[in-house]
Colleague: 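Here's a structure for you.
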Number of protein chains: 2
Amino acid sequence: MADLDQIDENILRELVRDGRLPNIQLAERVGLSPSACLRRVQDLERRGIITGYRATLDRTKLGTGFTAYIAVGLNDHTKASQKAFEAAITRSPEVRECHNITGTVEYLLRIETSDLAAYKVFHTDVLGELPQVHALTTFVVMESPKDERT
Amino acid sequence: MADLDQIDENILRELVRDGRLPNIQLAERVGLSPSACLRRVQDLERRGIITGYRATLDRTKLGTGFTAYIAVGLNDHTKASQKAFEAAITRSPEVRECHNITGTVEYLLRIETSDLAAYKVFHTDVLGELPQVHALTTFVVMESPKDERT
DNA sequence: GGTGAAAATTTCAACAA
DNA sequence: TTGTTGAAATTTTCACC
């Protein structure tokens, strides 16, 4: 699986916190020379443990300030229904995440749109039109006190 | 609000895709000189549009293969309760996201732990001990057919 | 894992459109 | 205001110990 020592874990923690931390400073924080540190980082990348680096944006300052989660219940639990639903979901850019969950409903979706009006269009014209969908419960995100989505 | 031109949007798109893209290459892709490009990136950072950079990890290769969402209802809706709850949540590394939502409950949390046993410990010993918490509903993530968390 | 040096990049002051 | 040039400061990278 992984097999990481304490230093590797420290490296990951620092890079998740700041993906642009200069290798020199990273080395200092984890107690290695820059070259040894770089070698470890490159190893972590090569092994697929670090999958990439991303800038994180404040989406409220861009157009896409509206976020909601939707719990979706399907009419039945057949594989065919699930596949059809997932296929439709995958095509919709408003859907940023789709999780198949345990519980009273089958799916939890994260939706991002420019505003409530755009959300309503998606809710009605896209989700409302899917024959597999039985119940929709919307939770509008008002604030995110913590958000460490990677 | 934002007021971004096409070049800014291109910069953001590239940096979300690869937060470590060297400024020289970024400049080339958006059609600017390196220094003009750097100035724009620094502006975007200063204006809070770029909020940071993160390494993204393959968590299945680490120990943290268990993911669940929890809907949390509080006893009351006072600001004090919310602040106390959010403070406790922020300290817990298992909590990767905390969203304040509309609906029958107040919060939706995303929890990541190594396995179900660790999750149970968190559920009982951390969340169960918070005096503000009234109701907890767990949704275990079985699969994520789409996941574009940034 | 460390050292040291070459290659590459970031950064910024001065200048131009 | 926005972009460019050029050079110094910093960082990355790698062969060798």
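Note on naming: letters A, B, ... go to the chains in the order of the sequence lines (proteins, then strands), and numbering restarts at 1 for each one.
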Colleague: Assign each of A:G31 and A:R20 to its nearest nucleotide of DNA chain C by heavy atoms, then name whichever residue's nucleotide is nearer the 5' end.
Modeller: A:G31

Colleague: Mind checking if B:R40 touches a base, just sugar-phosphate, or nothing, with heavy atoms under 4.0 Å?
Modeller: sugar-phosphate

Colleague: Any sub-3.5 Å donor-acceptor pair from B:T51's side-chain atoms to A:T56's backbone N or O?
Modeller: yes

Colleague: Assess whether a salt bridge exists between A:R59 and A:E112, defined as any Lys/Arg side-chain N lying under 4.0 Å from an Asp/Glu carboxylate O.
Modeller: yes

Colleague: Between A:R40 and A:D43, is there a side-chain N and carboxylate O pair less than 4.0 Å apart?
Modeller: no

Colleague: Can you tell me which nucleotide in C:dG1, C:dT10, D:dT4 comes closest to the side chain of B:P22?
Modeller: C:dT10

Colleague: Would you kindly give the CG-to-C1' distance between B:D8 and D:dT2, to the nearest whole Å?
Modeller: 11 Å

Colleague: Between C1' on D:dT1 and CZ on B:R39, what's the gap in Å once rounded to a whole number?
Modeller: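 Roughly 9 Å, once rounded to whole Å.
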
Colleague: Let me know the distance between CG of A:N23 and C1' of C:dA7, rounded to the nearest Å.
Modeller: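 After rounding, the reported distance stands at 15 Å.
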
Colleague: Look at the side chain of B:S33 against the base of D:dT5 and say whether a donor-acceptor pair falls under 3.5 Å; ignore hydrogens and angles.
Modeller: no

Colleague: Distance check needed: D:dT2 C1' versus B:D5 CG, whole Å only.
Modeller: 10 Å

Colleague: Using the side-chain heavy atoms of B:A36, tell me which of these nucleotides is nearest: D:dT12, D:dC16, D:dG3.
Modeller: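 Comparing D:dT12, D:dC16, D:dG3 against the side chain of B:A36, the answer is D:dG3.
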
Colleague: Over how many whole Å does the gap from B:L38 atom CG to D:dG6 atom P extend?
Modeller: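 Between P of D:dG6 and CG of B:L38: 18 Å.
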
Colleague: Grab the CD-C1' distance between B:E28 and C:dT10 for me, whole Å please.
Modeller: 16 Å

Colleague: Check the distance between D:dA9's P and A:I24's CD1 and give it to me in whole angstrom.
Modeller: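 Distance check: A:I24 CD1 to D:dA9 P gives 15 Å.
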
Colleague: Do we see a donor-acceptor contact under 3.5 Å between the side chains of A:Q82 and A:H77?
Modeller: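 No, no side-chain donor-acceptor pair sits under 3.5 Å.
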
Colleague: Given C:dT9, D:dG3, C:dG2, which nucleotide is nearest the side-chain atoms of B:Q25?
Modeller: C:dT9

Colleague: Rounded to the nearest Å, what distance is computed from the CD1 atom of residue B:I7 to the C1' atom of nucleotide D:dG3?
Modeller: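 Going from CD1 in B:I7 over to C1' in D:dG3 covers 10 Å.
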
Colleague: Has the side chain of B:S35 got a donor or acceptor that lies under 3.5 Å from a partner of the other kind on the base of D:dT5?
Modeller: yes

Colleague: On the nucleotide D:dT12, are OP1 or OP2 found under 4.0 Å from the side-chain N or O atoms that A:Q42 carries?
Modeller: no

Colleague: Between the side chains of B:R110 and A:D147, is the shortest nitrogen-to-carboxylate-oxygen separation below 4.0 Å, so that they form an ion pair?
Modeller: no

